[in-house]
Amino acid sequence: MCELTGVPHESRDLFHRWVTLLVTQGSAEEHASANAEVEVLLYELIAERQKNPGDDLISSLLQRNGEKNELEPADISALVRAMIAAGHESTVNGITIGTLVLLQHPEQADWLREHPELSGQAVDELSRYSSISDHGTVRVALEDAEIGGQLIRKGEGVICSLSASNHDPAVFKDPNTLDLTRREARHNVAFGFGRHQCAGQMLVRMQLEVVFTTLLRRIPGLRLDAALDELPFKANALIDGVHELPVTW
């Protein structure tokens, strides 16, 4: 993500630390300090790319913005930060959780190994089965509404669970079973829905397709090297995952 956006190689450790703090329960002081460092760096990069554009996302944003001048440097900085944070953390945890699920279902891993051309379908099902994010869907009703026979009154809170939606038996047959041949998995809402869909979901999907098919091909004997209840799952994080995934082959 840093390469795509034009962040220099020597600054990647800073961005990794910032993203980690962003999605975990770091202290307010740690968040503020890392965010300030990232903002200063991005403002410097934006100023530099305005003078000397390159082949990166910041330069493209500046060139497009030059035609209409709709975005301030703060807007461009916010866009770049969102792309780096979401593109990095979603992919990292999607790879780890997806690999864990495949290792727990070796017959499904065998199917994907034999049908790499259907990796897109497999990623849809893995995303449906193990949604890595279920946050940001808290709303307040602005007026009375009835959904599925349930009256929601103006002012009441609503929690829309992406994970529950992806395991809705009215949409997915036998939803708690992993089935990489499931065609209706493309209707999953792991990346949101409508105007609230993840802007980088196509990049994440592409990366997951490449990683899973390559991993299964290159290391066919890959297997989990720890009990499930021993794995250090991320607690209180905005995106679900594990801190490490011990494997052997």
Side-chain angles (χ1 to χ4, degrees), residues 1-7 12 15-16 18-19 22-23 42 54-65 70-71 75-102 108-109 111-113 115-137 160-163 165-168 171-172 178-217 237-241:
M1 293 309 300
C2 286
E3 182 178 356
L4 285 172
T5 52
V7 171
R12 295 182 185 186
F15 275 83
H16 181 74
W18 168 72
V19 170
L22 191 67
V23 297
L42 286 177
D55 182 20
D56 54 65
L57 180 61
I58 292 178
S59 299
S60 297
L61 284 170
L62 288 169
Q63 290 169 6
R64 293 284 295 273
N65 190 48
E70 295 176 334
L71 301 176
D75 299 319
I76 295 176
S77 171
L79 281 170
V80 172
R81 279 180 288 150
M83 288 294 293
I84 292 177
H88 166 77
E89 198 67 16
S90 298
T91 305
V92 166
N93 290 288
I95 289 171
T96 313
I97 293 296
T99 300
L100 171 59
V101 170
L102 287 170
Q108 295 294 308
W111 180 89
L112 180 54
R113 190 179 291 109
H115 301 88
E117 72 281 2
L118 296 177
S119 58
Q121 179 177 303
V123 167
D124 282 340
E125 173 66 355
L126 286 166
S127 300
R128 181 203 69 81
Y129 182 82
S130 56
S131 308
I132 61 171
S133 179
D134 202 7
H135 299 272
T137 49
C160 305
S161 171
L162 301 179
S163 296
S165 298
N166 283 335
H167 287 257
D168 184 355
V171 180
F172 306 104
L178 180 71
D179 180 5
L180 299 187
T181 67
R182 188 194 301 271
R183 294 185 179 276
E184 68 270 23
R186 65 182 183 277
H187 299 305
N188 79 81
V189 291
F191 291 96
F193 183 77
R195 63 186 290 183
H196 297 287
Q197 288 189 72
C198 170
Q201 65 172 302
M202 300 311 295
L203 177 61
V204 176
R205 289 174 186 271
M206 179 196 72
Q207 290 174 311
L208 293 179
E209 288 183 39
V210 171
V211 168
F212 292 143
T213 53
T214 305
L215 189 65
L216 293 175
R217 185 184 75 250
L238 292 177
I239 300 180
D240 298 329

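Keep in mind that the numbers below use all heavy atoms, side chains included, and drop hydrogens, waters and symmetry copies. Worth saying up front: this structure is predicted, and the values here are computed from it rather than measured.
- Distance check: I84 CD1 to E3 CD gives 12.0 Å after rounding to the nearest 0.5 Å.
- Applying the salt bridge (Lys or Arg N to Asp or Glu O under 4.0 Å) test to every pair with at least one member in residues 185-201, sequence neighbours left out, gives no pairs at all.
- Here L162 contributes atom CG and H167 contributes atom NE2; the two are 11.0 Å apart, rounded to the nearest 0.5 Å.
- Rounding to the nearest 0.5 angstrom, the gap separating the CG atom in L208 from the CD1 atom in I97 is 12.0 Å.
- With sequence neighbours excluded, the residues that form a salt bridge (charged side-chain N to carboxylate O under 4.0 Å, His left out) with R182 are E125, E184.
- Remark: S131 OG to N166 CG distance equals 4.0 Å, nearest 0.5 Å.
- In this structure, D124 does not pair ionically with R183, as no charged nitrogen and carboxylate oxygen lie closer than 4.0 Å.
- Take H187 and apply the ring-ring contact (aromatic ring centres under 6.0 Å, His included) test, not counting sequence neighbours, and it matches no residue.
- Pairing each heavy atom of G241 with each of N93, the nearest pair is CA-OD1, 3.3 Å.
- The line from CG of L42 to CD1 of I58 is 5.5 Å long, rounded to the nearest 0.5 Å.
- S127 and N188 share no donor-acceptor pair across their side chains, judged by distance under 3.5 Å alone.
- The shortest heavy-atom contact between R205 and F191 is NH2-CD1, 3.7 Å.
- With values rounded to the nearest 0.5 angstrom, L102 atom CG is found 6.0 Å from F212 atom CZ.
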